[in-house]
Amino acid sequence: MVAPLQHIIAVAGLLFSIGVLGVLFRRNAIIVFMSIEIMLNAVNLAFVAFSRYHGNIDGQVFVFFSMTLAAAEVAVGLAIMVALFRNLKTTDISKISSLKY
Amino acid sequence: MADTLYLLVLFPFIGFLVNGLGGRWLSGKQSGLVASLAVAGSFLIGAQLFLGLLARPEDNRRLVQTLFTWLPVGELNIHVTYVFDPLAAIMVLVITGVGLLIHIYSIGYMRDDPGIRRYFAYLNLFTFMMLNLVLSDSLVLLFMGWEGVGLCSYLLIGFWFSDAAKARAGMKAFVVNRIGDAGFLIAMIMIFDRFGTLSMADISWLAPGAGIDTTFITTVTLLMFVGAVGKSAQVPLYVWLPDAMAGPTPVSALIHAATMVTAGVYLVARNSALFALAPITMGIIAAIGTITALLAAIIAITQTDIKKVLAYSTISQLGYMFIALGVGAFSAAIFHLMTHAFFKALLFLGAGSVIHGMGDEQDLRKMGRLRQLMPTTFMTMTIGALAIAGLPGLAGFFSKDEILWSAFNSSGGISWIWLVGLATAGLTAFYMARMLFLTFFGERRWAEGVKPHESPSVMTVPLIILAFLSIVGGYAGVPEALGGHNALHHFLAPLMATFQASGEASQAANHPLELLLMLLSTGVVLVAAYYAYRFFVQQPGLPETAAGKFPQLYRLSNRRFYVDEIYALLIIRPFRALADLLWKWIDVRIIDNLVNLAGRTTERLGGALRLMQSGLIQHYASLLLLGVVFILLAVAMG
Amino acid sequence: MTTALFYLFSIFLLGSALFVVLNRHPVYSVVMLVFSFANLAGIYFLLEAYFIGILQVLVYAGAIMVLFLFVVMLLNVSPERPRARWVPLDRWWFGAVALVFVISLGALLVRGVGQLPSARSEVPDGFGGITQIAEALFSRYLLPFETAALLLTVALVGTVFLAKRKI
């Protein structure tokens with residue numbers, strides 16, 4: 001293996017944490033969305049690393065499905081964003097809070 | 001041949017469904033026709049099965065059909081099994097035969113009632129339930145029938161429910177019956193606990209076996225008898241039956257005279273094997289029967305409502321049947337049950353015809369001299385009255401004397417049971433004669449505008465048939481002392497257990513004595529009838545003089561010994577007070593407040609938690625992440 | 001040599017991801033995201049997941065990122081300005097949650113992955129190649145594969161519907 005498993009998983013963990021920070025702190029919906037993509041990719045990386053570690057192809061198949069899902073999610077998500085922007089003239093999620101108590 | 005057994009119960013059920021669900025598309029007449037045809041079908045099947053039963057050898061008269069398993073619960077398997085044996089045969093023929101006549105009669109009687117379809121639906125349902133009751137082998141199915149007839153009784157007593165008093169009468173019948181049913185239910189549970197089965201055939205077979213202690217048998221039979229007391233209107237639970245007269249008269253004839261109220265008698269007779277093992281219970285049954293017979297007969301003398309007279313007469317006659325059961329003469333009880341069904345149904349229907357002809361007048365004091373105006377009703381009712389009074393040659397004579405003879409024998413001589421039975425026979429003759437005389441003889445006392453008329457033939461034909469049956473019904477059991485061979489007794493004998501002190505055991509012995517006793521009771525009846533004639537025809541002023549002489553006695557009888565009032569004072573009032581207390585204090589102050597507290601707490605909590613819904617997606621995401629943290633920690637720690 | 005390459009890719013990956021999150025301008029973010037995904041694809045190649053690596057370039061760095069870029073251009077989003085006003089406590093709350101999360105994730109890494117024995121060094125020929133993935137995909141994973149197709153169809157319809165001018 002190209003590097004110890006622990007290192008690869010650590011990279012995946014850091015990547016995921018970066019995504020979390022983006023989701024929690026950014027207000028631009030598009031960037032929040034990108035952060036989610038980063039988190040997804042962190043998980044994919046962990047999958048691939050474990051797949052290599054165990055010599056088992058199933059992990060990579062899972063990544064394949066995860067990518068399919070990401071593609072669908074991005075398409076729908078961005079469509080929602082377009083619709084949202086069209087109606088509210090903003091992508092700032094701290095200003096979108098009409099669904100509250 | 002047993003294959004057609006299920007049709008017996010199926011026909012009335014179909015009739016019930018057709019009338020109950022499709023009644024709106026039927027005219028009243030069609031509805032009655034459907035109901036009558038359903039019962040007629042059952043009657044024909046029953047008659048065919050009965051003939052088949054007769055053709056069999058005496059020890060093999062038992063048809064069984066198991067339809068399906070109703071309740072399979074652990075060890076408890078309740079099958080819907082119908083058994084057609086001599087006892088069931090007689091019950092079925094009485095229920096469907098008399099029932100059919102009453103159905104037909106109802107077509108005329110209920111002709112103008114807007115609820116006629118509902119009426120026939122209930123009537124069919126009743127027949128279905130009653131047949132289940134008598135055909136079932138399992139106590140559970142019997143209990144279903146038992147409760148089912150109770151329900152129909154409730155529905156039909158309160159048939160004119162817009163009249164609050166009538167609705168209340170229905171409720172009273174239902175509630176009073178419930179007391180008895182509780183006893184029956186407990187008995188059932190105890191039996192299952194001990195025998196592991198609820199099939200009555202099995203129980204009868206198991207019960208005489210060794211190892212069953214007397215205390216258990218006595219308790220179980222007593223509890224069962226409590227059920228019978230409720231259903232068959234014995235002291236102290238008889239109070240519902242007089243009120244049950246609020247229902248339509250044919251209903252009183254079918255349910256509250258001929259069939260349902262005899263279910264208690266049937267229950268005891270069916271489980272005679274159990275009861276024969278419990279001498280204490282038998283003694284209590286005889287005592288209750290005796291008290292009921294006398295008490296009800298005394299009350300009947302002074303009642304002014306024609307249906308109330310008949311109601312108390314029914315209670316009294318049921319007491320007679322329980323006397324027979326109590327002294328171990330089970331088949332005599334069934335014999336009297338059968339003949340009583342004939343003549344009491346006849347009397348009720350006759351009374352219904354009078355009421356109908358008088359324009360819904362039930363007060364004896366406002367009748368009189370109807371003899372010529374209602375000849376058929378008069379003739380048939382006279383036959384019925386003679387039959388119940390026990391005039392030699394008519395149905396009541398044979399069955400009543402078999403009971404008296406059994407009672408006489410059971411203690412080997414003159415006993416108080418026998419004496420009271422004899423006295424009741426005299427009282428019966430007296431109040432029946434009084435009813436007849438007040439209705440059909442004397443002066444006309446009806447109000448202006450009332451135009452008494454004879455009923456249509458749809459009503460009188462059943463009367464004539466029942467009158468015929470009241471004459472010949474007794475010949476099924478002519479005692480050996482009169483040269484018969486008591487066919488009914490032998491027909492039922494294989495099913496009936498022998499009670500140790502049974503009056504039937506030594507029955508064959510003393511024919512001259514039996515004849516003497518018959519003469520005696522006939523003499524009592526004739527004397528009583530003569531006095532009734534003197535009182536109510538020859539000297540119409542005499543009753544008032546007599547009442548004036550013994551005012552307390554008269555009032556006691558007329559006011560029905562104040563039993564209802566005593567119950568109200570001792571049971572209903574305290575109960576109400578308790579209910580009031582529970583309602584106004586426990587319920588309103590405590591329970592309601594607890595409920596409100598729960599509601600208010602939820603409301604406040606929700607109000608607080610609501611603030612979490614900020615609508616900001618990042619708040620939600622942070623909480624989601626917190627959940628993930630918990631999962632991570634759980635995995636990392638584990 | 002490959003190990004050094006892995007750490008290089010990792011540094012680029014994390015750096016560019018951090019840039020995506022920290023940068024105020026969406027267009028720069030998108031470009032840096034493309035760069036970070038390309039680095040990820042490199043790591044995939046190093047891990048001998050060749051098919052996935054190619055997919056990463058095609059689907060993520062290619063298709064998805066183009067979509068992002070289009071939307072950014074379409075909406076003409078301006079750079080994000082600093083928050084005028086924080087909801088009280090939010091800053092600290094988010095920070096605390098993120099911190100707790102990172103700590104627990106680290107704990108899991110140390111306690112879980114840290115205990116694992118070292119990996120087998122060799123994998124069979126053709127591991128991670130298109131043949132092997134296809135074999136798995138069209139035999140054991142046929143039903144999920146078909147379901148994924150259905151999912152894409154649904155997403156397609158949903159997107160068309162949502163993007164219509166009036167909803």
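In what follows, chains are A, B, ... by sequence order, proteins preceding strands, each numbered from 1.
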Considering only heavy atoms, which portion of [X] lies under 4.5 Å from any heavy atom of chain C: side chain, backbone, both, or neither?
X       : answer
A:Ala42 : neither
A:Phe64 : both
A:Thr68 : both
A:Val20 : side chain
A:Phe16 : side chain
A:Asp58 : both

Given side chains that start at C-beta, do those of A:Asn44 and C:Tyr44 come closer than 4.5 Å, heavy atoms only?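 A side-chain contact under 4.5 Å exists here.
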Min side-chain heavy-atom separation A:Val76-C:Phe161 under 4.5 Å: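 No, too far: nothing below the 4.5 Å cut-off.
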Quick one: CG on A:Leu21 to CG on C:Leu18, what's the gap to the nearest 0.5 Å?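 Between A:Leu21 CG and C:Leu18 CG, I get 8.0 Å after rounding to 0.5 Å.
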From C:Thr147 atom OG1 to A:Phe65 atom CZ, the distance as rounded to the nearest 0.5 Å: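 With rounding to 0.5 Å, OG1 (C:Thr147) is 8.0 Å from CZ (A:Phe65).
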How close do A:Ile18 and C:Leu14 get, counting heavy atoms only, and between which atoms?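 Closest pair (atom of A:Ile18, atom of C:Leu14, distance): CD1-O, 3.8 Å.
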Let me know if C:Leu47 has heavy atoms under 4.5 Å from chain A in its side chain, its backbone, both or neither.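 For C:Leu47, backbone and side chain are both near chain A.
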